[in-house]
Number of protein chains: 2
Amino acid sequence: MYHAIAQDIIKAIVAGEYETKLPTEKALMTQFDASRTTIRRAIDVVFRHGLLRRVQGSGNFIVKQPQNSATVLNLSIGFDRAAMVAGGPLISKVVTFDRIKADEQLAKQGNIAIGDELYRVIRLRYLQDQLYDLEESYFPRAVVPYLSEDGVQHSIFAFLRDAYGIYGSTTENYVHQVRLNATRAKLVGQPVGDKTMCLDGINYLASGIVFNFSKTFFVYPDLELYYHTENIDLQD
Amino acid sequence: MYHAIAQDIIKAIVAGEYETKLPTEKALMTQFDASRTTIRRAIDVVFRHGLLRRVQGSGNFIVKQPQNSATVLNLSIGFDRAAMVAGGPLISKVVTFDRIKADEQLAKQGNIAIGDELYRVIRLRYLQDQLYDLEESYFPRAVVPYLSEDGVQHSIFAFLRDAYGIYGSTTENYVHQVRLNATRAKLVGQPVGDKTMCLDGINYLASGIVFNFSKTFFVYPDLELYYHTENIDLQD
DNA sequence: ATTGATTTGTTCGTATGTATC
DNA sequence: GGATACATACGAACAAATCAA
């Protein structure tokens, strides 16, 4: 239930329904007919997505930075990232869609076993006719029994949710720079060996099983990856 | 209190005291003499730092990936990142330590007002004699009244904690690629114009005030920035 | 400037649901 | 099916920070 409330609040925020701060917890309790515990858990979720700054005694203030610019991608949102890109959804052009077996490298990348069958989806994605990224994405068939040519054109995660009720819970993200090999360089139209920002992501189900992993090469000019962290004091 | 428990658990994890999973919540309740609510909140914190995978009905499993390698930096931990770098703490060499006023660019970078007085600390940091990063860090004097030459040699955050009880709560992070200007290129020994991975961070107090912001240029070979995200289903 | 009301933060207890073993 | 273990939800109380009269 707190998930649903968190969704509603997030939608309200991105729709610009709140000027500077959220309604008080009390107000939200009556609005959603839920206990304070539940409301606070929902706010927790919104907060963790980098959309709020909480101030005790004062309120929950909307953070305005990351969504304003088309050059900022909020990774704290989690997958269906396309939905959160300012300037509209990303348009996909599928380059490769097939089934392969995991070699040693892919097994390591996806934290799975060698030889596991995978759907492979390679797509170029565009934001308003400007190339945004090259995405190489893999789905273990043990978890995703079928993926349609049609489904991979749009949001794959939306397809999995609707078709199988597959629902991701956590993602491990690794950001680094890689030098493009010839194939990738040609696809994105950059020189071979060019240092490109790359995001390796591994998506887990609540059960702890990998249902997707991917490499995303970002080529959109001046793109910034945003995320939000909380800190604790690791003092001795 | 749940903060303290979270710290203890994290320390135990990095010390390798748990093989594969945490004790059950019940066990932790007796160990720390706290209610289930408090224990769960503590586990929440640990989880958000990317150290656990939670599986209902089964347990909280230790995630082993990120800490094993010197080339992975776990940003979900928050600041005192040096403590979490495998291979020992980072050694700082202070390049610049002075006081300046924020110009337009710095004001924008740090989400502060133009003309605000700042401590500026520029350091090169090394991991076992290998250059790790170039860090340009700023502290508004309105929040940090004094910073000693001695304090900036080591962990500045530890200094602030001990001297003023200044304690960060949240960080906004922006990862992008920048081309090095002549000054920075010379400092890190890379060619001018080289694409370098850069982390812009803004650190907030619990009150919502900026107490630090920084640019970090990473030059350590094959370095990967790791962080952990939770996902929610933004379905319509 | 002090007081009192408001608002968020932390902790406890309890009950029920759901997934795993 | 039963036991174990984590997930969600409600209610209540007090603490701490902020805000307004």
Side-chain angles (χ1 to χ4, degrees), chain A residues 1-9 18 20-48 51-63 143 165-170 204-209 211 230-233, chain B residues 1-9 18 20-48 51-63 143 165-170 204-209 211 230-233:
Chain A
M1 180 179 179
Y2 74 90
H3 276 118
I5 297 176
Q7 278 182 47
D8 285 354
I9 294 175
Y18 303 121
T20 56
K21 50 193 284 194
L22 244 50
T24 65
E25 294 174 355
K26 203 172 186 178
L28 292 170
M29 282 169 71
T30 59
Q31 180 182 336
F32 289 103
D33 190 31
S35 69
R36 184 157 174 238
T37 314
T38 305
I39 295 297
R40 296 207 90 231
R41 296 203 60 176
I43 295 176
D44 275 345
V45 173
V46 181
F47 169 74
R48 272 179 246 139
L51 304 176
L52 294 178
R53 186 159 311 118
R54 310 175 99 166
V55 183
Q56 180 177 166
S58 183
N60 296 304
F61 296 86
I62 315 286
V63 173
V143 185
I166 287 179
Y167 185 97
S169 67
T170 66
Y204 292 86
L205 300 176
S207 61
I209 294 173
F211 84 96
E230 282 173 87
N231 305 291
I232 62 165
D233 195 12
Chain B
M1 182 179 180
Y2 72 90
H3 275 118
I5 297 176
Q7 278 183 44
D8 284 354
I9 295 175
Y18 303 120
T20 56
K21 52 191 283 195
L22 243 51
T24 66
E25 294 175 354
K26 203 172 186 179
L28 292 170
M29 282 168 70
T30 60
Q31 179 181 336
F32 289 103
D33 189 31
S35 71
R36 184 150 176 244
T37 314
T38 304
I39 294 297
R40 295 206 91 233
R41 295 205 62 176
I43 295 176
D44 275 346
V45 173
V46 181
F47 169 74
R48 273 179 246 138
L51 303 176
L52 295 178
R53 185 160 311 118
R54 310 174 102 164
V55 182
Q56 180 177 161
S58 183
N60 296 303
F61 296 87
I62 314 287
V63 173
V143 186
I166 287 178
Y167 185 97
S169 69
T170 67
Y204 292 87
L205 301 177
S207 61
I209 294 174
F211 84 96
E230 282 173 89
N231 305 291
I232 63 166
D233 195 11

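Naming: A, B, ... by sequence-line order, numbering from 1 per chain.
For D44(B), the side-chain hydrogen bond (donor to acceptor under 3.5 Å, both in side chains) partners are R54(B), not counting sequence neighbours.
One atom, CZ of R53(A), and another, P of dT7(C), lie 21 Å apart when rounded to the nearest Å. F32(B) has its CZ atom 18 Å from the C1' atom of dC12(C), to the nearest Å. Between the OH atom of Y2(B) and the C1' atom of dA15(D) there is a distance of 13 Å, given to the nearest Å. When the C1' atom of dA9(D) is taken as reference, atom CD1 of I5(A) falls 10 Å away, rounded to whole Å. dT11(C) atom C1' lies 15 Å from atom CZ of R41(A), rounded to whole Å.
Y2(B) approaches A42(B) most closely through the heavy-atom pair O-CB, 3.5 Å. Across all their heavy atoms, V143(A) and F211(A) have their closest contact at CG1-CB, 3.7 Å. Of all the heavy atoms in A34(B) and M1(B), the pair that sits closest is CB-CE, 3.8 Å.
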* To do: Would you check, one step at a time, whether the test side chain to side chain contact (heavy atoms under 4.5 Å, CB included) holds for T38(B) with F32(B)?
  => CA-CA 10 Å; T38(B) 304; F32(B) 289 103; over 6 Å; no
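Remark: of the listed residues L22(B), V46(B), T20(B), L22(B) is the sole one forming a side chain to side chain contact (heavy atoms under 4.5 Å, CB included) with I62(B).
Here T37(A) lies in heavy-atom contact (under 4.0 Å) with a base.
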Between the protein and nucleotides 3-6 of chain D, list every N/O to N/O distance that falls short of 3.5 Å.
unit_1 : atom_1 : unit_2 : atom_2 : d
dC6(D) : OP2    : E25(B) : N      : 3.1
dC6(D) : O4'    : G57(B) : N      : 3.2

